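Structure, as structure tokens:
Residue numbers start from 1 in every chain, and the chains themselves are labelled A, B, ... in the order their sequence lines are given, proteins ahead of strands. If you're wondering where the values come from, they're calculated on a predicted model, not measured in any experiment.
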2 protein chains.
Amino acid sequence: MPPTTARERARAALTTDITDLARAQLATAGAAGLSLRAIARELGMASSALYRYFPSRDDLLTRLIIDGYDDMGAAAEAADDPGAAPGERWLAVCRAVRTWALARPHEYALLYGSPVPGYSAPEDTVPAAARVGVVLGRVLGDAARAGLLPPAAGRATGTVSAAAAGVLGGAHPALDDAVRTRALLAWSALYGTISFELFGHFTGSVTDADTFFDDAITDLAGLLGF
Amino acid sequence: MPPTTARERARAALTTDITDLARAQLATAGAAGLSLRAIARELGMASSALYRYFPSRDDLLTRLIIDGYDDMGAAAEAADDPGAAPGERWLAVCRAVRTWALARPHEYALLYGSPVPGYSAPEDTVPAAARVGVVLGRVLGDAARAGLLPPAAGRATGTVSAAAAGVLGGAHPALDDAVRTRALLAWSALYGTISFELFGHFTGSVTDADTFFDDAITDLAGLLGF
DNA sequence: TCACCATGGAGAGCAGTGCTCTCGGAATGT
DNA sequence: ACATTCCGAGAGCACTGCTCTCCATGGTGA
């Protein structure tokens, strides 16, 4: 339900003002440079008043992390056309993730870079964090159900949890632990390439980042059988 | 040449004391929690005296980063047996990198996590950072020269720089841009899986991290033709 | 040998941080 | 109209990186 009383309205408005300013500050100073006092200053209020809205700096970061995961997940979902071929879908979703990351490098770093020290992601972040994985898992499952995947070897290595197996296509003869391991590998490889590009580990090695990314992602699609 | 005068000896000793304490602090508080004052306190000296040895906190971090790259590179080099088969070599080097990372998660995060904000890695870090890549590139090149690689398609996509091509096996008929792209992909995927494991993105999905890593790395080796 | 000077410590201080506490006014529910 | 809850302000604590000044010491050229 939306806020009803004037107080709740004001509180909600100020809360989004804070997170917006925090995001803006994130874009310039990074996560470590995020300063509650600076936000309060820009808002024209005492720093102590901010603690009525976020009990601590880490809680603000948690909010930003959840919003970030959700925003990225929405971008991935929007990029997925369930009617297209698996290879096309995979490429489109991966491209969307990279585009999202390139537009907000600091926010991406907050999600997939070093964890903030002394801060362990609360349970709240899990569902939001899973959204991109769910989209990629659906692509895999749809491909299997459409008979577009090579037959699986039927190996059960026991390394992929049942919960993850459910997300990664569910039960299907064309899907076994070996396939799912490759899916998890492709998933982490996607973030590996994006992180390397964003964090500067490719500088001097990759000249055309756009086509390199497409080539690499296509290789990964081949690994998955698309 | 080693330090000669007593002063130089004392300076070198104190410098290593500082970096050792910094590394210890890194292991507990992470990069953001690294405090020059705390180091000075543990050393029983004034915080201002530390600036005689490191002009700023970022310079200390740079030192730690270079040392970290070097240590990891040495571990990778030690794990590589040039006489073994390419697949074995690839697996051994990747395992060594992961083992190194698992033993020093915070140090790994410093190297491959989010870049420290407002801090751009100086040129000094480049050669040290390249060491692991050089080892992996040598494995690829040796495999090509031994005729253990499938024939290349001969594609020149122009995405891999000449410098990187030199590291990634050098010139050989079995090596083209398509192969080198896969090599860079495998390289970043290696760090993607390690980062995901270390940063907690696999929690709940991967049950047996050790065998998952081996499986994933073997898949990557297959992608490279090993 | 002695004077000179670079070296490296100590301390005070500045500007900034997250966070806590108390106080007082204002909106809300009864 | 009253009681309660909410929310902003201000002062203050402990901490940070960093600078500046001052001073003792160690190595060195005359």
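Annotation: side chain of B/Glu107 is in contact with side chain of B/Arg23 (closest heavy-atom distance under 4.5 Å). Residues A/Gln25 and A/Ser35 meet the side-chain proximity criterion, which asks for heavy atoms closer than 4.5 Å.
Residue-environment remark: CD (A/Glu77) exceeds the threshold of 12 foreign heavy atoms within 6.0 Å.
Among the atoms of the strands shown, none is found under 4.0 Å from any heavy atom of B/Leu43. Counting non-hydrogen atoms under 4.0 angstrom, B/Phe54 reaches nothing in the nucleic acid. Among the protein residues, B/Tyr51 comes within range of the nucleic acid bases, having at least one heavy atom under 4.0 Å from a base atom. Among the heavy atoms of the strands lying under 4.0 Å from A/Ala6 are primed sugar atoms or P, OP1, OP2 only; no base atom is included.
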Query raised in the report: Please walk me through it: do B/Arg131 and B/Asp70 pass salt bridge (charged side-chain N to carboxylate O under 4.0 Å, His left out)?
Result: CA-CA 7 Å; B/Arg131 284 179 69 172; B/Asp70 261 326; 2.6 Å; yes

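The side chain of B/Arg52 has D/dC22 as its nearest neighbour among D/dC22, D/dC18, D/dC15. Listed nucleotides: D/dG17, D/dG8, D/dA9. Nearest to the side chain of A/Ser48: D/dA9.
Side chains of A/Ser195 and A/Tyr108: a donor on one and an acceptor on the other come within 3.5 Å. A donor and an acceptor atom, one from each side chain of B/Asp215 and B/Thr218, are nowhere located under 3.5 Å apart. A donor atom on one side chain and an acceptor atom on the other are not found under 3.5 Å apart for B/Asp59 and B/Thr62.
Looking at A/Ser161, its side chain does come within 3.5 Å of a backbone N or O of B/Gly204 through a donor-acceptor pair.
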Query raised in the report: Pairing of DNA chain D as dot-bracket, 5' to 3': ( ) intra-strand, [ ] crossing, | other strand, . unpaired, with Watson-Crick or G-U pairs under 3.5 Å?
Result: ||||||||||||||||||||||||||||||

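For DNA chain C, the span of nucleotides reached by chain B at under 4.0 Å from its heavy atoms goes, 5' to 3', from C/dA6 to C/dG13.
Taking side-chain N and O atoms only, B/Ser35 has a distance below 4.0 Å to OP1 or OP2 of D/dT16. Note on B/Arg37: every side-chain N or O is 4.0 Å or more away from OP1 and OP2 of D/dG17.
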